[in-house]
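Everything below concerns the one structure shown next.
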There are 2 protein chains.
Amino acid sequence: MMLSNSSKYAVKAVLYLALHSNEDHKIMVKDIAKPINVPQAYIAKLFQQLVKESIISSTRGPKGGFYLTTENKNQSVIKILNIIDGEKRLTSCMLSLEKCDEDKPCPLHAILSPSRNKIIENLKDKTLEELALDVKQGYSYLPL
Amino acid sequence: MMLSNSSKYAVKAVLYLALHSNEDHKIMVKDIAKPINVPQAYIAKLFQQLVKESIISSTRGPKGGFYLTTENKNQSVIKILNIIDGEKRLTSCMLSLEKCDEDKPCPLHAILSPSRNKIIENLKDKTLEELALDVKQGYSYLPL
DNA sequence: TCTTAAATATGATTTTTATCATAAAATATT
DNA sequence: AATATTTTATGATAAAAATCATATTTAAGA
Ligand code: FES
Ligand code: FES
């Protein structure tokens with residue numbers, strides 16, 4: 001809907017890390033692909049960006065893999081979306097492509113801008129750890 | 001954001017019709033392209049679908065063109081989106097691609113489902129005529 | 001120090017979406 | 001009836017997104 005395929009995959013993969021990894025237990029990309037049903041090479045590429053922006057952590061070589069530090073886990077989900085899709089995807093006008101402006105709103109602005117702002121706010125406020133906790137407690141489910 | 005390029009174009013073009021056409025004053029596709037800044041051939045193709053689904057009306061030959069009847073104007077905007085993008089685009093799960101389900105929600109469901117439902121509801125309730133009226137009264141603007 | 005196992009970097013391919021082009025069908029006007 | 005003008009139908013091309021593949025770099029362990 002409002003997320004690209006890539007950012008959906010990224011969120012799923014990172015949440016998988018949040019649930020199953022830590023500094024002492026790293027996970028290889030090939031072991032993530034199957035459980036979340038995303039092509040292995042695809043995740044590998046997405047993870048490169050996320051490592052570069054320090055959303056997730058990695059070490060290479062034998063016994064290496066990807067993982068989340070405590071610091072990583074306290075980041076907001078929205079960072080993933082902004083890195084993969086770019087900020088405009090969430091904030092740009094629904095009709096004119098550029099400049100969503102209260103002063104000169106498009107015909108759909110009043111209909112969806114408030115709800116959209118709410119979504120953005122919620123995404124900003126929610127950390128990876130909080131989302132993972134929901135899953136752990138059975139309030140939500142990590143989809144295939 | 002949540003609309004494809006095609007449905008953005010479609011909404012803009014149909015609202016242009018709502019503002020400037022009626023049974024007695026039809027508009028040719030070549031005269032719509034420029035003011036709303038959408039390629040002429042692109043609109044032509046989109047309009048074919050919309051005519052087929054009776055969102056807009058048309059007559060061909062000289063003195064022909066596209067226009068909106070009163071009945072057309074009383075349709076909801078969401079119909080355009082559903083025809084061009086398909087219903088799933090608005091309703092599918094943000095993470096798993098299929099089945100947005102309250103009983104087995106994904107980690108993002110709680111964050112965005114209520115706002116999304118609100119948007120869908122608003123889109124359903126708003127007719128083309130109402131949107132056009134907003135523009136006419138200066139409450140909103142039809143973008144390039 | 002050598003081998004092996006992992007991420008990283010880079011690029012190729014495929015699929016989808018967006019855009020362009022053109023011939024056929026229909027209607028008003030002469 | 002002939003002509004001109006418009007939509008309609010269909011397909012071709014271009015651009016972007018998604019997916020796949022492979023060679024390079026890094027680190028652990030023998
Ligand atoms: S101006 Fe179009 S969504 Fe805000
Ligand atoms: S289950 Fe994912 S958005 Fe509803």
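Below, chains carry the letters A, B, ... as their sequence lines are ordered, and counting in each starts from 1.
Where the helix from C/dT1-D/dA30 to C/dT30-D/dA1 starts and where it ends, the local axes point in directions that differ by 0°; five pairs per end, rounded to 10°.
When atom types are taken as modelled, the side chain of B/Lys118 and the backbone of A/Ser115 share no donor-acceptor pair closer than 3.5 angstrom. Checked by atom type and distance alone, the side chain of A/Asp85 pairs as donor or acceptor with a backbone atom of A/Ser4 at under 3.5 Å.
Using a 4.0 Å heavy-atom criterion, one finds that A/Phe66 contacts the sugar-phosphate atoms exclusively.
Atom CG in A/Leu46 sits roughly 14 Å away from atom P in C/dA9 (whole-Å rounding). The CD1 atom of A/Ile32 sits 13 Å away from the P atom of C/dA6 (whole-angstrom rounding). Whole-Å rounding puts the A/Lys52 NZ to C/dA7 P distance at 16 Å. Nucleotide C/dA18 holds its P atom 11 Å from the CG atom of B/Leu3, rounded to whole Å. Nucleotide C/dA5 holds its C1' atom 17 Å from the CD1 atom of A/Ile27, rounded to whole Å. Between the OH atom of A/Tyr67 and the C1' atom of C/dA6 there is a distance of 13 Å, given to the nearest Å. Put simply, NZ on B/Lys30 is 17 Å from C1' on C/dT22, counting in whole angstrom units. Counting to the nearest Å, the P atom of C/dA6 and the CD1 atom of A/Ile43 are 16 Å from each other.
Shortest non-hydrogen contact noted between A/Glu130 and A/Asp125 is OE1-O, 3.5 Å. Nearest heavy atom pair, residue B/Leu131 against residue B/Ser140, reads O-OG, 4.5 Å.
The side chain of B/Lys45 lies closest to C/dT19 when the candidates are C/dT19, C/dA6, C/dA18. Which of C/dA5, C/dA18, C/dT8 sits closest to the side chain of B/Tyr42 comes down to C/dA18.
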| task | Could you walk me through whether A/Leu46 and A/Gln49 pass the side chain to side chain contact (heavy atoms under 4.5 Å, CB included) test, one step at a time? | result | CA-CA 6 Å; A/Leu46 293 173; A/Gln49 294 180 69; 4.2 Å; yes
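Of all nucleotides in DNA chain D having an atom under 4.0 Å from a heavy atom of chain B, the first and last in 5' to 3' order are D/dA4 to D/dA12.
Looking at heavy atoms from C-beta onward, B/Pro107 lies in side-chain contact with A/Leu142 at the 4.5 angstrom threshold.
Of the candidates A/Asn22, A/Ile56, A/Leu128, A/Ile56 is the only one forming a side chain to side chain contact (heavy atoms under 4.5 Å, CB included) with A/Leu17.
Rounding to the nearest 0.5 Å places CZ of A/Arg60 at 13.5 Å from NZ of A/Lys26.
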List the atom pairs, donor and acceptor, that lie under 3.5 Å between side-chain atoms in residues 70-83 of chain A and the rest of the protein, sequence neighbours left out.
residue : atom : partner  : partner atom : Å
A/Asn72 : OD1  : A/Ser57  : OG           : 2.6
A/Asn72 : OD1  : A/Thr69  : N            : 2.9
A/Asn72 : OD1  : A/Thr69  : OG1          : 3.0
A/Asn72 : ND2  : A/Ser54  : O            : 3.4
A/Asn72 : ND2  : A/Ile55  : O            : 3.4
A/Asn74 : ND2  : A/Thr70  : O            : 3.4
A/Gln75 : OE1  : A/Lys79  : NZ           : 2.7
A/Ser76 : OG   : A/Ile78  : N            : 3.1
A/Ser76 : OG   : A/Leu123 : O            : 2.9
A/Ser76 : OG   : A/Lys124 : O            : 3.1

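With DNA chain D read from its 5' end, the first of the two nearest nucleotides for A/Gly61 and B/Met28 is the one closest to B/Met28.
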